[in-house]
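In each ligand, atom 1 is the first atom listed, and ligand 1 is the first ligand listed. One-based numbering along the sequence shown.
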Amino acid sequence: MKPRHFITLNDLSADELRAIILRASELKKIRASGTVYEPLKNKVLAMIFEKSSTRTRISFEAGMTHFGGNALFLSPRDTQLGRGEPIEDSARVISRMVDGIMLRTNKHETVTTFAEHSTVPVINGLTDRFHPCQLLADLQTWFELRGDIAGKHVCWIGDGNNMCQSYMNAAKLLDFKLSIACPPGYEPEMELLAATSSHVELFHDPKLAAKDADLIVTDVWASMGQEQEQKDREQAFSSYCVNSSLMQLAKPDAVFMHCLPAHRGEEVSAAVLDGEQSVVWDEAENRLHAQKALLEFLMK
Ligand code: CP
Ligand code: NVA
């Protein structure tokens with residue numbers, strides 16, 4: 001039997017996604033109560049990182065430890081993957097030895113190819129196109145604060161990047177409205193826009209997109225691997241900073257999210273990131289609980 005993978009949110013049904021979000025909140029309470037719960041005793045998660053990480057690495061590693069299992073940190077530099085062993089062969093071999101594999105890669109196709117040849121569940125820990133694990137945490141954070149997100153208005157300000165594209169999938173799956181404001185030339189993929197057009201609207205003016213939003217989200221202007229574009233992007237995105245005046249266009253009780261790491265004074269002002277509407281620290285903590293719910297769902 002083929003294992004279940006988590007490459008994008010579309011690998012889950014809406015019911016499964018809601019169940020994982022609710023389970024994440026339960027696991028958070030279990031941990032806070034000090035109860036030991038080890039559903040993955042003796043199980044091993046391999047984690048392959050082609051790019052840097054603080055939150056993703058620590059949350060998966062801590063989550064596996066809480067669950068009684070183990071996580072292996074593997075960088076291509078130290079494995080044969082970095083010396084050109086084919087992805088297909090690596091997937092066949094590694095999946096014979098562990099119970100789950102998380103990958104953070106430059107190219108999305110690396111994760112999809114890996115999954116095709118893996119006999120155990122594969123989790124996307126971020127690619128150039130999608131970052132679905134972050135959406136689990138963002139959605140958990142929203143559900144804990146405000147209940148279901150169906151019918152709400154979410155606004156994405158900034159690059160049409162992996163986070164933006166994950167929000168597009170979430171909007172369609174959980175039936176919320178997503179307005180995206182990005183500079184011309186930095187839009188998300190056209191095919192994805194077409195596939196999610198029932199729930200997604202594209203703007204080139206942040207003020208229009210932010211109007212009456214329940215949730216405002218942004219991310220860095222230059223993602224990992226785009227460092228050489230930083231200067232050009234600073235110019236293109238200069239009017240896309242989420243500051244207090246932009247937040248004022250949203251609903252009075254709107255919240256602000258950012259997957260982090262953040263650059264104060266670029267995509268978000270310090271006043272917003274560190275202000276009362278920001279929930280970014282809960283959002284970061286929820287990576288732990290949301291991914292534990294995912295690991296339990298895929299590996300138990
Ligand atoms: N938000 C996020 O994925 O953070 P890291 O890059 O630190 O894992
Ligand atoms: N869009 C960012 C997200 C980092 C968590 C990147 O890909 O670098």
Ring centres under 6.0 Å, that's the criterion: do F297 and F6 meet it? no

Between H108 and F130, is the ring centre distance below 6.0 Å?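 Ring centres of F130 and H108 closer than 6.0 Å.
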
So if I apply the side-chain contact (heavy atoms from CB on, under 4.5 Å) rule between T110 and each of I87, I48, L81, which one comes out positive? I87

Ring pair (Phe, Tyr, Trp, His ring centres under 6.0 Å) partner of Y186, chosen from W156, W221, F237: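 For Y186, the ring pair (Phe, Tyr, Trp, His ring centres under 6.0 Å) check succeeds only for F237.
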
Quick check: does M224 get an N/O under 3.5 Å from an N/O on ligand 2?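 Such a contact does occur with ligand 2.
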
Please determine if R104 has a nitrogen or oxygen closer than 3.5 Å to a nitrogen or oxygen of ligand 2.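 By distance alone, the answer is no.
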
For a quick test of reading the model, state the closest non-hydrogen atom pair linking V98 to V120 and the distance between them.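 Closest heavy-atom pair between V98 and V120: O-CG1, 3.3 Å.
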
Need the ligand 1 atom indices (1-based, order shown) with element for anything under 4.0 Å from a heavy-atom of L260. 1 (N), 2 (C), 4 (O)

Just which atoms of ligand 1 are under 4.0 Å from any heavy atom in C259? 1 (N)

Does [X] use its side chain to pair, donor to acceptor, with the backbone of [Y] at less than 3.5 Å?
X	Y	result
S278	L273	yes
N162	R129	no
E50	N106	yes

So which protein heavy atom does [atom] come closest to, and at what separation?
atom	value
atom 6 (O) of ligand 1	R104 NH1, 2.8 Å
atom 3 (O) of ligand 1	H131 NE2, 2.8 Å
atom 4 (O) of ligand 1	R55 NE, 2.8 Å
atom 3 (C) of ligand 2	D219 OD2, 3.6 Å
atom 7 (O) of ligand 2	N162 ND2, 2.8 Å
atom 7 (O) of ligand 1	T54 N, 2.7 Å
atom 4 (C) of ligand 2	L126 CD1, 3.9 Å

Judging by distance only, is a nitrogen or oxygen of S53 under 3.5 angstrom from one on ligand 1? yes

Looking at ligand 1, would L126 count as a contact under a 4.0 Å heavy-atom criterion? no

Answer with yes or no whether R287 contacts ligand 1, where contact means a heavy atom under 4.0 Å from a ligand atom.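 It does; at least one heavy atom falls under 4.0 Å.
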
Just checking E227: does its CD atom have more than 12 heavy atoms from other residues, nucleotides or ligands closer to it than 6.0 angstrom?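 It does: E227 CD has more than 12 such atoms within range.
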
Heavy-atom count check: over 12 atoms from other residues, nucleotides or ligands less than 6.0 Å from Q228 CD? yes

Please confirm whether L260 approaches ligand 2 to less than 4.0 Å, judged on its heavy atoms. yes

